[in-house]
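Accompanying notes for the structure given below.
Order of appearance sets the numbers: ligands from 1, and atoms from 1 within every ligand. In this text, all values refer to a predicted model and were calculated from it rather than measured experimentally. In this chain, residues are counted from 1 in sequence order.
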Amino acid sequence: MRRPLIAGNWKLNKTINEAEELTTALVAELADVTETDILIAPVFTALSRVAALVDNSPIQLAAQNCYPQETGAFTGELSPLMLKDAGCSAIIIGHSERRQLMGETNQLINLKVQTTLNAGMQVILCVGETLEERDNEEMLEVLSAQIKGGLADLSAEQMQNLVVAYEPVWAIGTGKTASDEQAQEAHSFIRGLIQGLFNPEVAEACRILYGGSVKPDNVDGLMAQTDIDGALVGGASLKADDFCRIVKFERIER
Ligand code: 13P
């Protein structure tokens, strides 16, 4: 069975002091969690201080982005190795906000995925269609291009360190969650794509998270779906009580 993973993407929120305050609350509340992996992704400036707080807790640290080079003349950028040095074990790559606002392409995202895996870190690769693409019945085509492009040239072994996050753009920050069935349908399609690119074992082992307005009151139904292995949480990860309830989702037999 795939181990659940609940990840909090703090996006562009919280000063260092605020990040420390939230982390302190999470560490206290989540110290005894053993059956679910937990990741939080604060802003870069808070990483080192948050890393010190989560040390010896079940909470792991992720970065929200990286540059696909180890070192060099790339002003203003951060490499996976530097993020590892700051205490991160994972990096979120290809978030829809970066695809839309920064023009990130599947090709660039693939380079970031490869550099991160080569640094021995875990990748959370985000994919998802816009409302327009869904309405135009282009969803499967878009997901297929994002998965094939993002995973290009990876080995089955590298896939052990990669998690996919399906985040329909129309559900992000809008309060409109995909229904349990809509999410399951997309996750099952993505798992099928991974099987086609690699093999059934890789597809069966790969965790696929759902993201888009995940809240305490909808997490249990989402997590009960066969192909949903966790959540990538935005807004609700900024509130300790909400995020802790999501991490401690109720396991419904499936
Ligand atoms: P919300 O949970 O705020 O909809 O954000 C989802 C997201 O983009 C997580 O990466």
As an exercise, identify every atom of ligand 1 less than 4.0 angstrom from a heavy atom of [X].
| X | result |
| --- | --- |
| Gly235 | 1 (P), 2 (O), 3 (O) |
| Glu167 | 6 (C), 7 (C), 8 (O), 9 (C), 10 (O) |
| Asn9 | 9 (C), 10 (O) |
| Gly212 | 4 (O), 6 (C) |
| Gly173 | 1 (P), 3 (O), 4 (O) |

Within the structure, does [X] bring an N/O atom to less than 3.5 angstrom of an N/O atom in ligand 1?
| X | answer |
| --- | --- |
| Gly234 | yes |
| His95 | yes |
| Ser213 | yes |
| Gly211 | no |
| Glu97 | no |

Does ligand 1 have an atom under 4.0 Å from some heavy atom of [X]?
| X | answer |
| --- | --- |
| Ala171 | yes |
| Ala236 | no |
| Lys215 | no |

- Task: State, to 0.1 Å, how close Val169 and Gly128 come at their nearest heavy-atom pair, and which atoms those are.
- Result: CG2-O, 4.0 Å

- When rounded to the nearest 0.5 angstrom, what is the spacing between CD1 in Ile40 and OG in Ser57? 7.5 Å

- Message: Closer than 3.5 angstrom, by distance alone: can the side chain of Lys112 be matched with the main-chain N or O of Cys66 as a donor-acceptor pair?
- Response: yes

- Message: Taking Ala178's backbone N and O only, do any of them form a donor-acceptor pair with Tyr210's side chain (distance below 3.5 Å, no angle check)?
- Response: yes

- Message: Please verify the inter-ring angle class for Tyr166 with His187; under 30° counts as parallel, over 60° as perpendicular, anything in between as tilted.
- Response: perpendicular

- Looking at Gln114, Glu104, Arg98, Gln146, which one forms a side-chain contact (heavy atoms from CB on, under 4.5 Å) with Ile109? Glu104

- Option among Glu132, Glu133, Arg134 that satisfies the side chain to side chain donor-acceptor pair (under 3.5 Å) test with Thr130: Glu133

- Taking NZ, NE, NH1 and NH2 as the nitrogens, is one of them in Asp37 or Arg207 under 4.0 Å from a carboxylate oxygen of the other? yes

- Query: Would Arg191 and Glu204 pass as an ion pair if we require N to O under 4.0 Å?
  - Reply: no

- What do you reckon, is NZ of Lys215 surrounded by more than 12 foreign heavy atoms closer than 6.0 Å? yes

- Indicate, as side chain, backbone, both or neither, the part of Leu232 found under 4.0 angstrom from ligand 1 when only non-hydrogen atoms are considered. both

- Task: If you have a sec, work out which protein heavy atom is nearest atom 5 (O) of ligand 1 and how many Å separate them, to one decimal?
- Result: Lys11 NZ, 3.3 Å

